[in-house]
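Single-structure report; data block below.
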Protein chains: 2
Amino acid sequence: MENISMKDVAQKAKVSTATVSHVINETRYVAEETKKKVYKAMKELDYQPNSVARSLRSRKSNIIGLLVPLVASDTSNFFFMSIANGIEQVLKENGYNLILSNSSEDLSIEQDQIKVFNSQLIDGLIIAPVDSQKHDYKENLRGNYPVVFIDRQPKELTSDTVLIDSGAGTYKAIELLISKGHTKIGFITGPLGITTSDERLQAYKNALKNNNLSYDESLVKIGSATFDKGHSFTKELVEETGATAIFAANNIMTMGAVHYLQEKDIPIPDKVAIIGFDDYDWLRITSPPLSVVKQPSYEMGKKAVELLIKRINGSKDPYDVHRLPSELVVRGSC
Amino acid sequence: MENISMKDVAQKAKVSTATVSHVINETRYVAEETKKKVYKAMKELDYQPNSVARSLRSRKSNIIGLLVPLVASDTSNFFFMSIANGIEQVLKENGYNLILSNSSEDLSIEQDQIKVFNSQLIDGLIIAPVDSQKHDYKENLRGNYPVVFIDRQPKELTSDTVLIDSGAGTYKAIELLISKGHTKIGFITGPLGITTSDERLQAYKNALKNNNLSYDESLVKIGSATFDKGHSFTKELVEETGATAIFAANNIMTMGAVHYLQEKDIPIPDKVAIIGFDDYDWLRITSPPLSVVKQPSYEMGKKAVELLIKRINGSKDPYDVHRLPSELVVRGSC
DNA sequence: GTGAAAGCGCTAACAC
DNA sequence: GTGTTAGCGCTTTCAC
């Protein structure tokens, strides 16, 4: 199939390409009669505007990049995919499209993907950085497009950032467990060094301190964020450390923890209470239904898009960090 | 920040833009000395090639579109997101990028999104069509890029198609239930008319027939694919129709069904056996762990990409329908 | 072994 | 109200 260009339309409608362009973009007045001719020619030729040429000329692609750290495991992706979904929705309403890209939680892959984005393809980037604390993103992110960081706070404030205050939800969860009389509360987390993990552990410590409980290192288990680690950490905490309550600081380890308790027929919450992280439908089907700290992922995506579009439209406001509240959802497991 | 173009690099390196281009793309011989000069200039200027200009000129964007029908509910997306993940992975290995787009399971939104793609932006499209049986995609999909259909078979074979033979897994599941002595097997499904649902229902009927069980319409519940429908259908089947086994034909209704059984403390599988659809980590945490029909979503994404890239590279083979096998994973719930 | 220059399809400044 | 035309940054043909 041959490609129809604006020139073809212009010829057929007996007008100039400028007129065709202005009809399409409604960017200057065109007489009704002329418009009609142009529309007719477009229809007859089945004209499809070439968005690449348009982007080149207008220096605007209407495409937004999203770079998230998905790992192979089936479940850890839910959170970011949920965000992606929210972002996609809001972008569409604003006439933008989404390029989804995956850093696989690997810094060098992330840098490669950023290089792809730097080649003038996108109007803006939303990124959940792999290594927000040690790595300096200023060096890589020097494409001439605005950037919004999500979920993890970069060490320097060089862009707008949207975070979830997961500390607050964690703090409430731990306090709830304490109020129910638990003194040995196990804390299971993925690797430290990303802001979300650090924040949750800090909230755990604070809650203990403010309630006159001493911090016991043996109750804190740190390892890769996997189902199996969630499982084995819970086993250790319950069997060896004598924990009567478990807090899991991410969704996949939550599942591993629940799995262990159900497998051993340990009564929840009578023998061991548990509070998990992230709220998904599947948590409703455990028995009893799981209490969780819920993160507003959709809202985070939405907020990120709003900030990004504001920047694309030229805002020069000082960079801002937005914190969305996390919420403690109390169900039967504690 | 000013934009550095190839011209700047050429000037700095005292060569022509042609040479710079050939150095970057390794598309004709360039003397080592010259190459070095060019690389040096690129580095010093921090040159980022403009992929939009490249696409315009070379008529190749290295971008693939993916159009999937996600709906708002948190869980129904897992399947397609899992596919997206697989696709993204394989594309990256081949130097392509992914534009993710969402039809929201709505035909008119889908057509709008296809129009966006038709504007010469993408080199190929992978689509899980909303309405594969009634709607004729030939009319919309006339961009000059190859297309691969996934998950749902379009009524006419106008493109390569990758499907999962979910009928085979369903058949095995129903036969297993029959072999355990069940004669009243409830079947819960989302709306018919999409090939996957139709295929699963047909397999159910076939399994009954081949085992000399009569088909009882009151055991088949058809409705929107939601958690709550899965819940209420199961309730009706167990309380009113007297079903002793449940087969749920998609993942979200599976969850609703399990939720009902656990809520009512109905012993699984002693009182009611259940087999669900799609295999995710969270199914391991139900008690007992759920038996499911597992779909190879990653493999489907991978196969779709392979077919698409073959077409992009000019293959003129006749269109092909690939069927990937589904698998019955037997755990404790039946 | 390298350069000059046309042109991909569009937008927008300038002209009338 | 509309047309002419330069040029976005790159690839590629033709020339030497």
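Below, all heavy atoms of this structure are taken into account, side chains as well, without hydrogens, waters or symmetry copies. So you know, we letter chains A, B, ... as the sequences are listed, proteins then strands, and number each from 1.
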Atom pair distance, as rounded to whole Å: CD1 in B:Ile4 and C1' in D:dG9 | 13 Å
Quickly work out the B:Lys60 NZ to D:dC10 P distance and round it to whole Å.
-> 18 Å
Rounded to 10 degrees, the angle between the two terminal axes of the helix from C:dG1-D:dC16 to C:dC16-D:dG1, each from five pairs | 40°
Within the pair B:Ser58 and D:dC10, is there a side-chain N or O less than 4.0 Å away from OP1 or OP2?
-> no
Dump the pairs, protein N or O against N or O of nucleotides 13-16 of chain D, anything under 3.5 Å, distances to one decimal.
none

Atom pair distance, as rounded to whole Å: CE in B:Met42 and P in D:dC10 | 11 Å
Walking DNA chain C from its 5' end, the first of A:Thr27 and B:Leu56 to be reached, judged by nearest nucleotide, is B:Leu56
Full working for side-chain contact (heavy atoms from CB on, under 4.5 Å) between B:Asp123 and B:Tyr145 | CA-CA 6 Å; B:Asp123 291 343; B:Tyr145 50 79; 5.9 Å; no
Is the phosphate of C:dG3, meaning OP1 or OP2, less than 4.0 Å from a side-chain N or O of B:Thr19?
-> yes
What do you reckon, is NZ of A:Lys310 surrounded by more than 12 foreign heavy atoms closer than 6.0 Å?
-> no
If you count the non-hydrogen atoms of other residues, nucleotides and ligands that lie under 6.0 Å from NZ in A:Lys60, is the total more than 12?
-> yes
Does a side-chain N or O from B:Arg59 land closer than 4.0 Å to OP1 or OP2 of C:dC8, or not?
-> no
Is any side-chain nitrogen or oxygen of B:Thr17 closer than 4.0 Å to OP1 or OP2 of D:dC10?
-> no
Should A:Asp112 and B:Lys92 count as an ion pair when the cut-off is N to O under 4.0 Å?
-> no
Once you round it to whole Å, what is the distance between P of C:dA5 and CZ of B:Arg57?
-> 16 Å
Pick base, sugar-phosphate or nothing for B:Ser21, based on heavy-atom distances below 4.0 Å to the nucleic acid.
-> base
Taking only N and O in the side chain of A:Asn25, is any of them less than 4.0 Å away from OP1 or OP2 of C:dT11?
-> yes
Kindly indicate whether the side chain of B:Val68, heavy atoms from C-beta on, has any atom under 4.5 Å from the side chain of B:Ile127.
-> no
Atom pair distance, as rounded to whole Å: CD in B:Gln120 and P in C:dC10 = 8 Å
Quick one: A:Asn3 CG to C:dG7 P, roughly how many Å, whole number?
-> 17 Å
Could A:Asp160 and A:Arg311 be called an ion pair, given the rule that one side-chain N must be under 4.0 Å from one carboxylate O?
-> yes
Might you work through the side-chain contact (heavy atoms from CB on, under 4.5 Å) test for B:Leu324 and B:Val162, ending with a clear yes or no?
-> CA-CA 8 Å; B:Leu324 304 175; B:Val162 186; 4.1 Å; yes
Ion pair check, A:Glu44 and A:Lys40, cut-off under 4.0 Å = yes
To the nearest angstrom, the CD-P distance between A:Glu26 and D:dG1 comes to 17 Å
Is a salt bridge present between A:Glu156 and A:Lys134, judged by a nitrogen-to-oxygen distance below 4.0 Å?
-> no
Quick one, which residues of residues 8-16 of chain A touch DNA chain C with a heavy atom under 4.0 Å?
-> none
Does A:Arg54 or B:Val30 map to a spot on DNA chain C nearer the 5' end, using the closest nucleotide for each?
-> B:Val30
Hey, mind stepping through A:Ser101 and A:Gln113 against side chain to side chain donor-acceptor pair (under 3.5 Å) and telling me if it holds?
-> CA-CA 7 Å; A:Ser101 211; A:Gln113 289 298 310; 2.2 Å; yes
Tell me: CE of A:Met6 to C1' of C:dG7, nearest whole Å?
-> 16 Å
Does a side-chain heavy-atom distance below 4.5 Å link A:Ile99 with A:Leu121?
-> yes
Run the salt-bridge test on A:Lys35 and A:Glu32 with the 4.0 Å N-O cut-off and return the result as yes or no.
-> yes
